[in-house]
Amino acid sequence: MRRILTGLALLVLLPGAARAGELAAALPEGRLASLRVPSGRALFDSGPVQRALDRLRQAGALAELEQGRAALRAATGSDPAEWLETLLGGEIQAAVYEGRASRLAPEGAAGRRLLLAAARLRDADAGQRALDAALAVLDGDAANDVRRNRYRDVPFARINRELVVACHGDVLLLGNDDDLLALALDRLLDGAAPAEAAPAGEGLLAFRFDPEVLRPKDWKPAAGEARRALGRRIANPLGNLLFGGLLAGDGPVSGWLDAESDGLELHLALPPAPADAPVAWFPPGAPGFAVPVSSETVAVLAVRRDLADWWRQRETLMSEESQPQLAKTDETLSLLFMGGSPAEDVFAALEEELALVVDRQTFAGVAVPDVKLPAACLVARLKDPESFGPSMAVAFQTLMGFINTERAQERRQPFLLDAVEHAGATVRAARLLPGRDGQRPGTEANASPAVAVRGDWLLVGTSLEQVLRLLTALEQGALRPVDGAHLALQLDGARALRLAHDNRDVLLAQSILEDGLAAVDASRHIDDLLALLGEVAHLDLSVTPRADSLELALRVVLAGRAP
Amino acid sequence: MTLLLAGARYRSAEEALLPWRPDEDGPFGAAEAAHLLRRTAHGATASERARIAGLGPLAAAADLTADDPPSGEYAALLAALQPLASAEDLPTCQALWLARLLHAPRPFADTLALFWHGHFATSVAKVARAGLLVRQVDLLRRLGPGPLEPLLQAVSRDPAMIIWLDGNGNRRQHPNENYARELLELFTLGRGNYGERDVLEAARAFSGWHERDGQFRFVPGEHDDGEKQVLGAQGTLDGDDVVRACLAHPACARHVAGRLFAHFVRPDPEPELLEVLAARYRASGHDTRALLRLLLASRAFFEPRARRALIASPVAFAIGAARTLGLRPDLAALADRLAGLGQSLYAPPSVKGWDGGAAWINAATLVGRVNLGAWLGQLAAEQPGDVEAAAGALDADTLAAAVLDGPPPPSARAALEEVRDDLAARVQILLSLPEAQLA
């Protein structure tokens with residue numbers, strides 16, 4: 001099996017030739033998922049794949065593979081990379097099918113997944129020769145059981161229990177089930193019409209799948225439940241707020257992936273939200289808004305949600321287990337806001353556009369903790385800033401009073417309340433009293449909570465320095481547009497890397513403790529991880545409701561080639 | 001005193017405390033070195049066992065209890081871990097201590113600190129700040145091997161101890177007896193060696209010894225500077241005077257030396273032996289390192305009934321296995337497993353510490369130890385080169401020699417034969433044997 005995996009892994013080393021063609025006819029109907037790669041060669045040649053291979057090569061991870069390739073070249077006189085180019089360099093279509101359930105499985109349970117791929121060969125004879133060569137290599141390993149036979153005069157080979165492969169004309173068929181391969185051969189030999197259209201889409205590959213395909217490998221039909229959970233009852237309130245409604249609708253997911261030298265793009269069309277989806281997740285309004293950012297902003301997570309509606313419906317939207325905690329939160333919020341109703345007096349005061357801005361902290365003028373956490377600030381617009389602003393200030397002071405009381409019981413340093421005027425706003429802040437001389441600042445030194453209202457903007461942050469920066473941004477009109485009416489995430493790779501570098505020594509220490517590495521090895525390990533993180537210059541994710549789908553778009557720009 | 005010690009081959013306590021003479025008393029080889037290393041370091045590699053075996057008992061005991069500053073790779077490791085020194089979360093704090101126990105070439109100060117941690121048992125459950133417990137253990141590590149007086153004085157001022165035993169509530173007008181009572185009963189004298197009046201007067205002596213912002217703070221206004229009488233000492237006593245009064249009491253040396261003997265040698269010291277040991281301890285100025293050097297080189301230590309006489313604590317079992325087999329486990333995960341086996345570092349169950357002994361093993365923890373053995377076995381299979389380097393080879397006999405000081409018991413032979421191609425299973429079987437649960 002190891003040899004088989006090695007052989008398959010060689011695929012990624014190869015360039016290949018593209019040739020247009022229609023392979024859909026070979027694939028029977030009843031697909032759970034379909035994939036179409038217009039050109040295997042273009043996929044393997046794409047920038048991200050080549051960069052990943054370069055990195056693996058540099059790390060020595062491909063050494064064994066390269067040795068195997070050289071050995072095969074020496075033994076056979078031809079480069080196995082060429083075999084794979086011949087076999088998989090052209091158009092490829094693949095599908096996943098539901099297998100028959102075990103007779104011992106519970107009623108209604110599904111069987112194992114069956115896979116079938118069809119690849120267009122550039123040259124039928126060359127393809128057959130390449131396949132024969134690959135099979136000979138596999139057969140040469142005593143650990144493999146390679147059996148050859150013919151079906152309707154078409155030769156095929158079964159390799160152990162994992163693979164069955166055949167060539168017919170300029171089509172290579174590869175699967176994990178004999179019957180499915182036979183069915184595909186029947187279709188080719190009988191000239192069947194395509195049973196289903198291949199996934200459409202631009203780029204290097206296109207795909208379509210039923211969310212049921214995400215079902216785990218056990219017998220429980222869990223995908224439906226998982227989808228319902230994503231649609232309705234995610235216990236974790238934050239998860240519910242962010243991802244609620246994402247897979248609420250029924251229907252397939254389709255999409256495509258494209259890659260350029262500077263990055264890759266993924267587009268998904270998720271099933272549209274059902275008509276009765278809570279307005280909390282899909283408030284009406286124009287998509288897109290703008291968020292203040294600073295020179296230290298690492299990430300922006302933005303959503304459009306009707307928080308008041310979400311809170312009103314918390315008993316149906318979130319699980320029963322989470323209700324006691326939600327009730328306690330409701331009570332605490334009411335207490336902080338002078339007996340007001342959290343839904344009607346707090347959440348209803350906010351517009352639907354909400355963003356969490358994550359900044360790297362510089363700790364200028366304050367104690368620098370060993371573990372340097374990023375700061376996070378909730379940015380929202382207020383419907384009535386004049387009435388809500390004072391309530392927010394009181395709530396903040398009350399909250400810090402509670403926190404200080406608890407800290408006093410644990411004999412920890414208290415937070416000192418303060419008010420700072422900055423960029424036309426009064427910032428309510430709380431700062432830890434400095435520790436005694438020689439006492440190292442703990443992780444809690446990352447926190448200097450602050451609240452500010454400027455115009456109709458509300459900022460609630462974990463760090464005063466970040467809130468001050470964002471107020472400056474508001475004053476200067478430094479707002480960054482955010483696409484996606486439902487959810488959007490923007491990540492600045494270079495700043496994320498700086499944040500990680502800030503914590504390099506801590507990560508190294510954790511690696512020693514948790515990975516059991518020696519200091520030298522841990523240092524190398526962490527630097528490799530940082531180098532990997534450094535590959536990403538920018539990441540953009542957005543989810544936008546459309547008439548017939550929820551559109552998810554992900555774009556990753558690689559470092560050094562950013563526009 | 002020339003009493004015959006029951007079950008021992010020596011005629012008197014004095015004789016039992018004489019150094020082990022390799023030629024006359026028995027061999028001093030790999031098994032003796034392994035015994036010594038189990039008690040002082042929880043375990044060691046084959047090469048370390050060979051090195052110790054070459055030193056002889058006296059030099060070996062001196063070597064393993066030496067006060068060497070960290071150097072080389074271990075110093076580099078401690079420096080690399082320094083950024084986590086301010087961590088306040090319990091799993092990280094526990095993992096950091098386990099790293100010392102696992103990686104220190106001579107972890108005697110940490111092994112002893114673990115003893116003192118059970119003796120001056122203080123828990124994060126009440127103290128709430130793991131960082132204060134870490135500082136307390138730093139103190140135990142630093143002062144634990146030395147004389148008892150500075151250790152007791154420092155423990156009396158330790159912020160975690162003050163929070164744990166309600167020192168902040170010990171005020172001139174309302175003395176709180178908690179610390180004074182435990183100082184007399186658990187830390188120095190043992191029950192029956194003090195009276196209630198001693199407790200009350202000692203509490204007054206410690207009044208105003210408070211903690212603030214994680215530091216010791218003497219509050220003169222809350223201190224009762226009146227006349228007191230504790231254990232026969234009289235005057236305007238303060239906490240340090242009470243500590244000195246405790247140390248002057250004959251029961252103190254007996255109590256502490258007895259606990260050290262039970263932890264490092266065997267759980268059942270004879271009264272006669274204890275008397276002699278206490279006298280030596282007192283005469284040395286309650287110098288713990290001196291006492292342990294005496295004990296660890298003695299006939300009493302190496303006689304057969306002291307071998308494998310202790311049930312290994314979860315920490316001793318896991319760290320011992322890891323040191324012996326050269327394993328480098330995820331220490332945060334290990335700390336979690338050890339808590340499941342009843343030994344959560346920085347969180348002893350009560351002021352009395354862990355009961356230890358047979359209490360370590362029950363139906364649940366026995367299964368847990370087998371599972372821990374499986375986990376370590378899996379790790380061994382992932383790091384066979386390290387295991388081979390530490391144990392000498394990967395065959396069952398060599399691994400058994402490392403873990404059990406000898407060949408595997410006949411009852412395990414067949415099982416080990418069945419898994420001769422499976423290192424993980426071999427290690428698990430060996431670590432699951434009853435003999436492997438003994439230190």
Side-chain angles (χ1 to χ4, degrees), chain A residues 143 363 366-373 403-416 432-447 499-527 530, chain B residues 72-89 91-100 102-103 124 126-132 134-135 159-160 162-163 167-168 210-217 322 326-336 379 382-383 386:
Chain A
F363 302 98
V366 297
V368 184
D370 289 321
V371 181
K372 299 164 193 74
L373 299 177
I403 291 172
N404 274 342
T405 303
E406 196 170 315
R407 290 179 65 82
Q409 287 170 349
E410 294 177 359
R411 308 195 67 76
R412 294 174 188 267
Q413 294 155 280
F415 282 97
L416 188 64
L432 270 181
L433 280 176
R436 292 199 169 189
D437 289 346
Q439 210 171 323
R440 294 168 73 96
T443 308
E444 61 189 11
N446 282 282
L499 182 63
H501 267 294
D502 289 345
N503 287 292
R504 181 188 175 279
D505 291 346
V506 172
L507 293 170
L508 193 154
Q510 281 174 336
S511 180
I512 291 172
L513 290 184
E514 292 170 15
D515 302 328
L517 297 177
V520 175
D521 297 330
S523 179
R524 195 177 306 122
H525 174 62
I526 293 303
D527 287 340
L530 293 179
Chain B
E73 255 187 58
Y74 181 53
L77 181 117
L78 292 182
L81 293 175
Q82 191 57 28
L84 294 178
S86 61
E88 286 275 351
D89 65 296
T92 302
C93 294
Q94 291 173 324
L96 285 168
W97 193 3
L98 290 174
R100 285 175 169 272
L102 178 61
H103 295 294
V124 74
K126 179 172 175 182
V127 176
R129 299 172 60 183
L132 292 184
V134 171
R135 278 165 51 197
I162 290 172
I163 296 170
N168 286 322
H210 289 184
E211 171 274 345
R212 185 166 176 192
D213 291 343
Q215 304 289 331
F216 172 71
R217 182 177 183 229
L327 306 175
R328 289 171 166 265
D330 174 342
L331 294 175
L334 178 60
D336 192 44
L379 203 61
E382 291 166 13
Q383 309 165 356
D386 294 339

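Below, read A as the first sequence line, B as the second, and so on, with proteins coming before strands; counting in each chain starts at 1.
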- [ ] Counting only heavy atoms closer than 4.5 Å, note whether B:A95 contacts chain A via side chain, backbone, both or neither.
- [x] both

Open item on the list: Given heavy-atom pairs under 4.5 angstrom as the criterion, report whether the side chain, backbone, both or neither of B:I163 touches chain A.
Closed with: side chain

TODO: Identify which of A:A519, A:A518, A:G442 forms the greatest number of heavy-atom pairs closer than 4.5 Å to chain B.
DONE: A:A518

TODO: With a 4.5 angstrom heavy-atom cut-off, could you sort out which part of A:I512 is near chain B: side chain, backbone, both or neither?
DONE: side chain

Open item on the list: What part of A:P441 gets within 4.5 angstrom of chain B, counting heavy atoms only: side chain, backbone, both, or neither?
Closed with: backbone

TODO: Give a yes or no on whether the backbone of A:A522 and the side-chain of A:D515 come within a donor-acceptor separation of less than 3.5 Å.
DONE: no

- [ ] Please report the closest heavy-atom contact between B:P329 and B:A322, naming both atoms and the distance.
- [x] CD-CB, 4.3 Å

Open item on the list: Do A:P369 and A:T443 have side chains that approach each other closer than 4.5 Å (heavy atoms only, starting at C-beta)?
Closed with: no

Task: Per-residue contact mode, B:E211 against chain A (heavy atom under 4.5 angstrom) - done: both

Open item on the list: Between B:R129 (side chain only) and A:R411 (backbone N and O only), is there a donor and an acceptor less than 3.5 Å apart?
Closed with: yes

- [ ] State whether A:R524 and A:D521 are salt-bridged, where the test is any N-O pair (Lys NZ or Arg NE/NH1/NH2 against Asp/Glu carboxylate O) under 4.0 Å.
- [x] yes

- [ ] Sort out for me which of A:D370, A:L513, A:V371 touches chain B most, counting heavy-atom pairs under 4.5 Å.
- [x] A:L513

Task: 4.5 Å side-chain heavy-atom contact, B:L84 and A:Q510 - done: yes

Open item on the list: With a 4.5 angstrom heavy-atom cut-off, is it the side chain or the backbone of B:D89 that approaches chain A, or both, or neither?
Closed with: neither

- [ ] Identify which part of A:L517 has an atom lying under 4.5 Å from any heavy atom of chain B, answering side chain, backbone, both or neither.
- [x] backbone

Open item on the list: Quick check on the interface: out of B:N168, B:L102, B:L77, B:L334, who has the most heavy-atom pairs with chain A under 4.5 Å?
Closed with: B:N168

TODO: Using non-hydrogen atoms and a 4.5 Å limit, figure out which bit of A:Q409 sits close to chain B: side chain, backbone, both or neither.
DONE: neither

Open item on the list: Under a 3.5 Å distance rule, please check whether B:R328 uses its side chain to pair with a backbone N or O of B:Q383 as donor and acceptor.
Closed with: no

Task: Check: B:D336 side chain, B:A332 main-chain N or O, donor-acceptor pair, under 3.5 Å - done: no

- [ ] Identify which of B:D330, B:L327, B:L81, B:L379 forms the greatest number of heavy-atom pairs closer than 4.5 Å to chain A.
- [x] B:D330

